[in-house]
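When a ligand or atom number is given, it counts from 1 through the structure's own listing order.
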Amino acid sequence: MSENIDKDRVFIFDTTLRDGEQSPGASMNIEEKLSIATLLEEMGVDVIEAGFPIASNGDFDAVSKIAQIITRSTVCGLARTIKNDIEQCALAIKSAPLKRIHIVISTSSLHMKYKLQMTPESVLEAIRDSVILARNLVDDVELSAEDGSRTDHDFLCRCVETAITAGACTINIPDTVGWSMPNEYADLISMLLARVPNIDKAILSVHCHNDLGLAVANSLAAVCAGARQIECTINGLGERAGNAALEEIIMCIKTRSDRLPYSNNIRTELITRASRLVSSITGISVQPNKAIVGKNAFAHESGIHQDGILKNSKTYEIMTPESVGLDKSILVLGKHSGRAAFKSKLKDLGYNLENVDIEVAFCRFKDLADCKKDISDDDVKSIIEQ
Ligand code: KIV
Ligand code: ZN
């Protein structure tokens, strides 16, 4: 690792275009991938994993096109420990000024025995040979120990040491199946930092899946233990239950900087745009109560909360809507709403409150809200005009 990297800087590696695209139904065409990559670059993402070039001609073309237009983020392609994968990956990313080959091989006993049908010694040899080959083609190589969180610790230490000796600059320890608990995953990172002799020559990275809903918690616990790259996706897209959501990670770091004193380059005000772009391209909508980007994340319906928000938004909002690129929070009028929000709505709609009998209008509004879920601006107007 370069001596002058700020020790508290966390690198953001976005894999929406690779792991995200592996979500059932999320495949994207080249134009769509280019528009997402362009926005990720504008957001300040450090590394964009553009695809898996050997997977198909379409993937190869998408990675090459992204490598031709992205200049400020590192463009990364995925490869297995296979010569042709690595050479095709190097070819696909060759136009990018900043480029990385990301090599993956499983290291848990379960995966080595049943999936790879390889012995631990041959996995070590594959790591060494493929990292050396990739380093002959590019300067920046990442090695992922797939199913790392379920890998025997002694063997994982040997894999990591071997990859770094062979020239890997980033070592990723994926929680491939979302198995880990936050303290357990943090301990794994601490164990590697304490036991791998050449660990200071690489950045430790995390890649967490959300099978138990812990992907963001695990990623942040790992950063607190010393990991300095987080792999994540917009809207938490990814295999099965998805990956750690970029927007949640970034807003945790921004909002709780007292507990998470780490820096990154992300322009948070582009988060909503990115979420909407990915959702409209993939057709995978975001649940309304999803943190940060759900449509209810900055909406308030209960009277008590609306009254608090109107007096001081900090009563019920720990982030400003502007910080994620929204104009303002929304006070939804429904049966739980109170006078404060109703009056505020009348004012927004341009009514002069002195000329309106608020009590009568408010009672009519409550009657309507009892039988109708959403009260629209038109409903309010018709109440007043009655
Ligand atoms: O989940 C995983 O282990 C992966 C690797 C390719 C990093 O996606
Ligand atoms: Zn993954």
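- Using a distance-only test at 3.5 Å, with no hydrogens or angles considered, a donor-acceptor pair links the side chain of Glu41 to the main chain of Arg72.
- With hydrogens and angles ignored, the 3.5 Å screen pairs a side-chain donor or acceptor of Lys99 with a backbone N or O of Lys94.
- Two residues are said to be in side-chain contact when any heavy atoms from C-beta on lie closer than 4.5 Å; His207 and Thr15 meet this criterion.
- Looking at heavy atoms from C-beta onward, Ile358 lies in side-chain contact with Lys343 at the 4.5 angstrom threshold.
- Checking side-chain atoms of Ser275 against main-chain N and O of Ile271 turns up no donor-acceptor pair under 3.5 Å.
- Rounded to the nearest 10 degrees, the angle NE2 (His209) to the Zn ion (ligand 2) to OD2 (Asp19) equals 110°.
- At a cut-off of 3.5 Å, with distance as the only test, a side-chain donor of Ser144 or His102 sits close to an acceptor on the other residue.
- Remark: side-chain polar atoms of Thr16 are paired, donor with acceptor, to backbone N or O of Ile234 under 3.5 angstrom.
- Distances from the Zn ion (ligand 2) to the N/O/S atoms of His207 are shortest for NE2.
- Protein residues lining ligand 1, listed by chain and number: Arg18, Asp19, His102, Val104, Ser144, Glu146, Asn172, Pro174, Thr176, His207, His209 [non-hydrogen atoms, distance under 4.0 Å].
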